[in-house]
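In what follows, chains are A, B, ... by sequence order, proteins preceding strands, each numbered from 1.
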2 protein chains.
Amino acid sequence: MSSPPLVDRLRARNWRLTAQRRVIAEVMEGEHVHLSAEEVLQRARQRLREVSLATVYNTLNELVAMGEVKPVDAGSGATRYDPNTGASHHHLVCLGCNQLLDVYLDPSATAIELPPSERHGFRILGEEILFRGWCPSCSDQV
Amino acid sequence: MSSPPLVDRLRARNWRLTAQRRVIAEVMEGEHVHLSAEEVLQRARQRLREVSLATVYNTLNELVAMGEVKPVDAGSGATRYDPNTGASHHHLVCLGCNQLLDVYLDPSATAIELPPSERHGFRILGEEILFRGWCPSCSDQV
DNA sequence: GTATATGCAAAGCATTTGCATTAAA
DNA sequence: TTTAATGCAAATGCTTTGCATATAC
């Protein structure tokens, strides 16, 4: 059910494990993590002072290439990185404060397959659903 | 069924109609238009030499604010702008060449409502579905 | 005539890159 | 020892902004 920690999976891939990569991977551990590169940097620095933003980007890009992390682009601003690649889920974003939450749809209801007539000859690899709305506290302020 | 041309709808809103805004609106007329700001500029300039990129951005942002155009962020690079706000549809993007196509799902199958238990107290305004895959010609090249 | 749009050039962010230095294996 | 990662600073790409000028109404 639950997979081994990210750091262990990375070690198993023979990924060259530097101190920087280790702390970044530790920051990216978890189920509801949706951090921007800048936020990853801040948290990584709490564990290890010598981490640079360039290394955060390099590392996140590699994790994305490996399929260990998924970039989430909800418009407005910076890409956020989601380490939850196992369980199929989607996202809910607040139009006010931009916060990003995971949402889980009933897989039976989520038969969101593109009918062949709408595939335009593409080899479909996946789909992303983004719900937009106002979170409770932003709703109040409007 | 089909709404009046964009330019007419804008006039009806008492939108100050400059030459630049008119040509930009003309470029944004249509059902399967997914242009970036830069592309809008190029096409607008074919009709009117004195249009600047700043004006294109200003105008597109206003059209978005009015709800006449929807920004589509498919990752990698520039936002594209979609004037098809009437018919509910979704998007298919090629991982290779980045081309963006409209796809129409059967509305009955598209009962993609977020169950209350997954709404986190949000007032949901809408949802976007993005399918990713390889288009025929990019498939061949891999 | 007055409020508002335009265009330019500069500024702002997010992200990438080149290259000398450093560290993992 | 060799190969690859780091960090800095500069460069890039997209988008926004300030302000003087021009224009729709």
Side-chain angles (χ1 to χ4, degrees), chain A residues 7-8 10-28 34-45 47-66 68-82 93 98 100, chain B residues 7-8 10-28 34-42 44-45 47-66 68-82 98 100:
Chain A
V7 185
D8 294 343
L10 296 172
R11 218 190 315 269
R13 284 178 191 264
N14 289 319
W15 198 50
R16 186 180 279 215
L17 204 45
T18 65
Q20 288 84 348
R21 287 178 167 188
R22 184 169 345 93
V23 296
I24 292 168
E26 284 167 9
V27 165
M28 293 304 288
H34 303 105
L35 298 171
S36 67
E38 195 64 57
E39 290 166 335
V40 171
L41 177 67
Q42 286 168 18
R43 301 200 183 187
R45 280 213 165 132
R47 294 160 178 255
L48 177 70
R49 251 187 300 85
E50 42 285 327
V51 188
S52 70
L53 188 55
T55 294
V56 169
Y57 274 110
N58 287 341
T59 303
L60 288 173
N61 284 342
E62 287 193 67
L63 294 175
V64 169
M66 286 180 210
E68 290 286 1
V69 156
K70 273 171 83 172
V72 181
D73 239 306
S76 67
T79 301
R80 276 163 286 179
Y81 296 86
D82 182 350
V93 62
N98 216 30
L100 197 58
Chain B
V7 185
D8 295 342
L10 296 172
R11 218 189 316 269
R13 284 178 191 264
N14 290 319
W15 197 50
R16 184 179 281 215
L17 204 45
T18 64
Q20 289 83 349
R21 287 177 166 187
R22 186 171 344 93
V23 297
I24 292 169
E26 284 167 10
V27 166
M28 294 304 288
H34 304 104
L35 299 171
S36 66
E38 196 63 57
E39 290 166 336
V40 171
L41 177 67
Q42 287 168 18
R45 281 212 166 134
R47 293 159 178 257
L48 176 71
R49 247 182 309 86
E50 41 286 327
V51 189
S52 70
L53 187 54
T55 294
V56 169
Y57 274 110
N58 287 340
T59 303
L60 288 172
N61 284 341
E62 287 193 66
L63 294 174
V64 169
M66 288 180 207
E68 289 287 359
V69 155
K70 272 170 84 173
V72 181
D73 238 307
S76 66
T79 300
R80 275 164 287 180
Y81 296 85
D82 182 351
N98 216 29
L100 198 57

With five pairs defining each end axis, the helix from C:dG1-D:dC25 to C:dA25-D:dT1 comes out bent, to 10°, by 40°
Do A:Val40 and A:Met28 touch side chain to side chain, with heavy atoms closer than 4.5 Å? yes
The residue, B:Ala54 or B:Trp15, whose nearest nucleotide of DNA chain C is more 5′ is B:Trp15
Going by side-chain hydrogen bond (donor to acceptor under 3.5 Å, both in side chains), name the residues that satisfy it together with B:Arg21, two or more places apart in sequence or in a different chain. B:Glu62
Grab the CG-P distance between A:Leu17 and C:dA24 for me, whole Å please. 10 Å
So if I take every side-chain heavy atom of B:Arg16 and compare against C:dT15, C:dG7, C:dA5, which nucleotide ends up nearest? C:dA5
The side-chain hydrogen bond (donor to acceptor under 3.5 Å, both in side chains) partners of B:Gln20 (sequence neighbours excluded) come to none
Side-chain contact test, heavy atoms from C-beta onward, threshold under 4.5 Å: evaluate it for B:Tyr81 versus B:Val27 and give yes or no. no
Any sub-3.5 Å donor-acceptor pair from A:Thr55's side-chain atoms to A:Val51's backbone N or O? no
I'd like the 5' and 3' limits of the part of DNA chain D contacted by chain A, with heavy-atom contacts below 4.0 Å. D:dT3 to D:dC8
Distance, rounded to the nearest Å, where A:Glu50 contributes CD and C:dT21 contributes P: 19 Å
What is the distance, rounded to the nearest whole Å, between atom CG of B:Leu53 and atom C1' of C:dA5? 16 Å
Using a 3.5 Å distance criterion without hydrogens, assess whether the side chain of A:Arg11 forms a donor-acceptor pair with backbone atoms of A:Leu17. no
Please enumerate all residues that pass side-chain hydrogen bond (donor to acceptor under 3.5 Å, both in side chains) together with A:Asp82, with sequence neighbours excluded. A:His89, A:His91
Phosphate-side-chain proximity, A:Thr79 and C:dT15, N/O vs OP1/OP2 below 4.0 Å: yes
Members of residues 57-64 of chain B that approach DNA chain D, where some heavy atom sits under 4.0 Å away: B:Tyr57, B:Asn58, B:Asn61
Between CD of B:Gln20 and P of C:dT4 the distance, given in whole Å, is 18 Å
Can you check the A:Asn14 CG to C:dA24 P distance for me, whole Å? 16 Å
Rounded to the nearest angstrom, tell me the gap between atom CG in A:Leu41 and atom P in C:dC13. 17 Å
For C:dA23, take OP1 and OP2 only and decide whether either is under 4.0 Å from a side-chain N or O of A:Thr18. no
